[in-house]
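Worksheet for the structure shown next.
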Number of protein chains: 2
Amino acid sequence: MSQLPLRSIEAFVVVARAGNLAQAAARLNITVPAVSRRIQILERYLGAKLFDRQPRGLSLTEAGEKYFSELGPAWDCLWKATIAATWSVRRDAFKVSVIPTFAANWLVPRLARSRLRLAGLEVEIETSPDIVDLRERDDLDCAIRLGLGPWPGTVGQRFLPIKAYPVASPDFVARNRLESPADLARQTLIGSGHQPDFWPEWFRHAGIGSGQGRHKSFDNLQLVYEAAAAGLGVAIGLDPLVRPYLESGRLLRLWRDDVTLSRSFHLVRRTDRVESNRFDLFRSWLMGETAVAA
Amino acid sequence: MSQLPLRSIEAFVVVARAGNLAQAAARLNITVPAVSRRIQILERYLGAKLFDRQPRGLSLTEAGEKYFSELGPAWDCLWKATIAATWSVRRDAFKVSVIPTFAANWLVPRLARSRLRLAGLEVEIETSPDIVDLRERDDLDCAIRLGLGPWPGTVGQRFLPIKAYPVASPDFVARNRLESPADLARQTLIGSGHQPDFWPEWFRHAGIGSGQGRHKSFDNLQLVYEAAAAGLGVAIGLDPLVRPYLESGRLLRLWRDDVTLSRSFHLVRRTDRVESNRFDLFRSWLMGETAVAA
DNA sequence: CTTCAGCATGCGTGTCCCTCATGCACCACA
DNA sequence: TGTGGTGCATGAGGGACACGCATGCTGAAG
């Protein structure tokens with residue numbers, strides 16, 4: 001007496017868009033096997049294969065393609081309508097509190113090319129170098145935080161691990177002989193003030209006594225990287241954040257070794273607020289982005 | 001970590017269309033309390049009231065109206081796409097085997113004004129006075145049967161109880177004095193040949209020895225009623241089927257007493273076939289029709 | 001005033017679905 | 001050709017969710 005396998009249909013849409021189960025699972029906030037089963041259920045229900053299982057992910061079959069072309073828009077419409085109906089009063093944007101560096105180097109670029117607005121969600125970013133207490137800011141819907149978690153009054157989940165490695169400007173590298181981590185002792189190390197400094201944790205992993213060189217501190221990571229790019233010294237690069245600098249060539253990674261930090265990025269919301277579909281949508285998008293970024 | 005309450009959204013669409021929980025429950029094939037809860041869940045999730053609970057059923061609030069206006073089409077689209085994707089090969093109609101009288105007096109009129117075709121399901125009716133063995137007819141998707149059930153090789157559910165009462169033409173009533181069931185002994189009783197005759201069961205309930213009058217039999221109920229309308233005698237009217245005759249005035253109900261027969265209409269499908277969404281859709285529609293017809 | 005229709009709620013239970021662990025196929029690289 | 005890695009499928013077990021039943025409640029009709 002089964003009805004439409006709705007959860008399977010949902011999974012189908014997400015998988016079709018993602019192209020692989022891992023990213024879809026992240027978006028759906030369930031595990032890969034669970035997604036796999038959902039797809040199987042739908043395929044059995046329809047009596048048709050929807051995906052070709054290929055060594056590198058899945059791709060839609062002809063039937064799947066056709067089904068998806070009709071289903072996708074309908075699903076978006078459903079989402080959009082549901083978002084719009086949420087506290088129909090609340091036509092305001094979905095506000096997220098983030099540290100400036102993450103906003104500039106990760107969040108904003110991805111938001112720009114996302115489908116979120118199409119899905120009916122307007123996202124507004126508020127940056128703050130310090131951790132904002134969500135309980136005192138009713139206008140904020142959630143926050144993205146860098147640290148160990150949990151934070152009082154919030155629930156959340158880790159969504160992006162951080163790798164760290166020393167970086168410096170090409171010019172700086174050319175002028176100084178930096179052959180092994182031990183050479184760092186003679187250099188100026190640029191750290192962050194507001195955010196906990198990541199040098200100690202890196203030195204610990206690298207097996208060297210904490211850096212003996214001179215230290216410089218800046219309030220925010222953006223300034224840290226800018227300083228390094230200007231040739232002021234060696235900074236500790238946090239992997240997703242520093243990438244734009246590496247890609248543009250303004251900074252170089254000194255050695256291949258990297259360290260996965262204990263701190264990572266977390267998405268948190270207030271414990272005392274009902275989880276809204278706006279939050280669902282945002283998290284879904286966020287998880288999908290990180291899964292693909294791996 | 002909840003996702004969209006899809007089952008609740010489904011329920012919302014169905015309830016919004018039905019206007020009351022009972023009919024919606026029938027369509028969804030679940031109980032009334034279950035539907036009630038689904039709606040509550042959605043309302044909590046959205047943070048908005050969707051229905052005004054009125055003494056006579058529910059009606060959409062303004063917010064609900066708006067939500068439904070966007071959701072309804074999307075939902076239909078989803079259904080349609082899913083139907084279309086079902087064994088993408090099978091573009092043929094959904095074939096139902098029915099007895100002729102039921103087709104003519106109940107099914108066809110309702111099908112005509114239904115949204116089924118809009119939803120993407122083409123229904124084809126095959127009438128047969130005898131019970132067709134579904135196992136021998138691969139082209140049939142399901143059957144509607146009058147009887148006690150179950151039938152070998154099938155699963156199904158009762159969906160329409162039958163009330164029975166004697167009927168005769170206005171002319172016949174004028175010519176003969178028919179004041180109590182006992183008077184039937186002197187009259188010609190018109191029964192059916194193929195279908196089991198319903199007179200005996202009626203007499204048993206009425207507390208009278210089986211009718212002593214002359215009997216006439218016809219192959220199908222349509223002919224039975226036509227014969228009665230022509231003044232040939234008294235027929236036993238089966239409630240949903242004989243109604244068109246009563247409404248047009250061609251037949252009159254003799255007494256207010258009625259009997260609910262042990263036999264009723266059942267919707268059945270083959271046990272050995274996976275329940276398809278086409279069947280789901282058809283059943284959903286059928287259940288909704290009977291709930292409203294009550 | 002009684003009865004009935006129709007929706008809400010408490011409680012117990014069954015079932016579905018998810019997670020974890022493992023297996024398998026394919027590709028890349030040595 | 002072996003080895004590691006990626007990505008999906010499958011088996012077992014458990015937990016949460018949602019359904020059904022019984023009952024209560026409210027407003028209207030007889």
Side-chain angles (χ1 to χ4, degrees), chain A residues 1-12 14-45 49-61 64 157-158 256 274-275 284 287-288 290-294, chain B residues 1-12 14-45 49-61 64 157-158 256 275 287-288 290-294:
Chain A
M1 294 304 166
S2 81
Q3 287 301 102
L4 273 189
L6 294 173
R7 299 246 89 102
S8 295
I9 291 176
E10 175 186 33
F12 170 70
V14 176
V15 172
R17 292 230 168 89
N20 66 75
L21 295 193
Q23 188 181 350
R27 280 212 154 82
L28 294 167
N29 207 31
I30 57 178
T31 60
V32 169
V35 181
S36 173
R37 282 223 173 70
R38 284 193 184 182
I39 299 298
Q40 288 177 50
I41 288 170
L42 183 58
E43 288 184 326
R44 255 203 304 280
Y45 183 79
K49 271 193 59 177
L50 295 170
F51 291 101
D52 281 322
R53 272 68 171 177
Q54 292 173 341
R56 223 68 174 172
L58 324 86
S59 69
L60 286 166
T61 62
Q157 58 187 306
R158 192 167 162 278
R256 301 275 352 136
V274 183
E275 183 167 8
S284 169
M287 295 301 152
T290 62
V292 81
Chain B
M1 294 304 164
S2 79
Q3 286 301 102
L4 273 189
L6 295 173
R7 300 246 88 103
S8 295
I9 291 175
E10 175 185 34
F12 169 70
V14 175
V15 172
R17 291 231 168 87
N20 66 73
L21 295 194
Q23 188 181 349
R27 280 213 154 83
L28 294 166
N29 206 32
I30 57 179
T31 60
V32 170
V35 180
S36 173
R37 282 217 178 73
R38 284 193 183 182
I39 298 298
Q40 289 175 51
I41 288 171
L42 183 58
E43 289 183 325
R44 255 202 305 281
Y45 183 79
K49 270 193 60 176
L50 295 170
F51 290 102
D52 281 322
R53 272 69 173 179
Q54 293 173 341
R56 222 65 172 172
L58 326 85
S59 69
L60 286 165
T61 61
Q157 57 188 307
R158 192 165 160 278
R256 299 270 0 130
E275 183 168 10
M287 294 301 150
T290 62
V292 80

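Below, read A as the first sequence line, B as the second, and so on, with proteins coming before strands; counting in each chain starts at 1. Keep in mind the model is a prediction, meaning the values are calculated, not measured.
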Where is the tightest heavy-atom contact between [X] and [Y], given as atom of each residue plus distance?
X: A:Phe12; Y: A:Leu60; answer: CE1-CD2, 3.7 Å
X: A:Ala22; Y: A:Val32; answer: CA-CG2, 3.9 Å
X: B:Ala26; Y: B:Gly288; answer: CB-N, 4.4 Å

Next item on the list: Let me have a per-nucleotide readout for nucleotides 22-30 of chain D, 5' to 3', with B, S or -, counting only protein heavy atoms under 4.0 Å.
Entry: B----SS--
Margin query: By the salt bridge (charged side-chain N to carboxylate O under 4.0 Å, His left out) test, which pairs, at least two apart or in different chains, include something from residues 30-39 of chain A?
Written below: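 Residue pairs passing salt bridge (charged side-chain N to carboxylate O under 4.0 Å, His left out), neighbours aside: A:Glu10-A:Arg38.
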Using a cut-off of under 3.5 Å, enumerate the N/O to N/O pairs linking the protein to nucleotides 16-19 of chain D.
residue	atom	partner	partner atom	Å
D:dC19	OP1	B:Arg38	NE	3.2
D:dC19	OP1	B:Arg38	NH2	3.0

Check: Does A:Thr61 reach the main-chain N or O of A:Lys49 with its side chain, forming a donor-acceptor pair under 3.5 Å?
Finding: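 Indeed, once roles are kept as given, a pair shorter than 3.5 Å links the two residues.
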Notebook entry, point to check: Is there a donor-acceptor pair under 3.5 Å between the side chain of A:Arg56 and the backbone N or O of A:Gln54?
Noted result: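 Between the backbone of A:Gln54 and the side chain of A:Arg56 there is no qualifying donor-acceptor contact (under 3.5 Å).
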Margin query: For A:Ser284, give me all partners under side-chain contact (heavy atoms from CB on, under 4.5 Å), at least two apart in sequence or on another chain.
Written below: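 Result, side-chain contact (heavy atoms from CB on, under 4.5 Å) vs A:Ser284: A:Arg27.
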Note to self: Please identify the 5'-most and 3'-most nucleotides of DNA chain C with any atom under 4.0 angstrom from a heavy atom of chain A.
What the structure shows: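 Under 4.0 Å from chain A, the extent on DNA chain C is C:dC18 to C:dC27.
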I need the [X] [atom1] to [Y] [atom2] distance, nearest 0.5 Å.
X: A:Leu21; Y: A:Thr31; atom1: CG; atom2: OG1; result: 10.5 Å
X: A:Gln3; Y: B:Leu6; atom1: CD; atom2: CG; result: 13.5 Å
X: A:Leu42; Y: A:Leu50; atom1: CG; atom2: CG; result: 5.0 Å
X: A:Arg53; Y: A:Ser36; atom1: CZ; atom2: OG; result: 6.5 Å

Next item on the list: Work out how much the helix from C:dC1-D:dG30 to C:dA30-D:dT1 bends between its end axes, five pairs an end, to the nearest 10 degrees.
Entry: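 The end-segment axes of the helix from C:dC1-D:dG30 to C:dA30-D:dT1 are tilted 30° relative to each other.
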Margin query: Taking side-chain contact (heavy atoms from CB on, under 4.5 Å) as the criterion, tell me which of A:Asn20, A:Val14, A:Ile30 meets it with A:Val35.
Written below: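 The residue from A:Asn20, A:Val14, A:Ile30 that satisfies side-chain contact (heavy atoms from CB on, under 4.5 Å) with A:Val35 turns out to be A:Ile30.
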Margin query: Is A:Ser36 close enough to D:dC8 that one of its side-chain N or O atoms is under 4.0 Å from OP1 or OP2 there?
Written below: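 Result: no.
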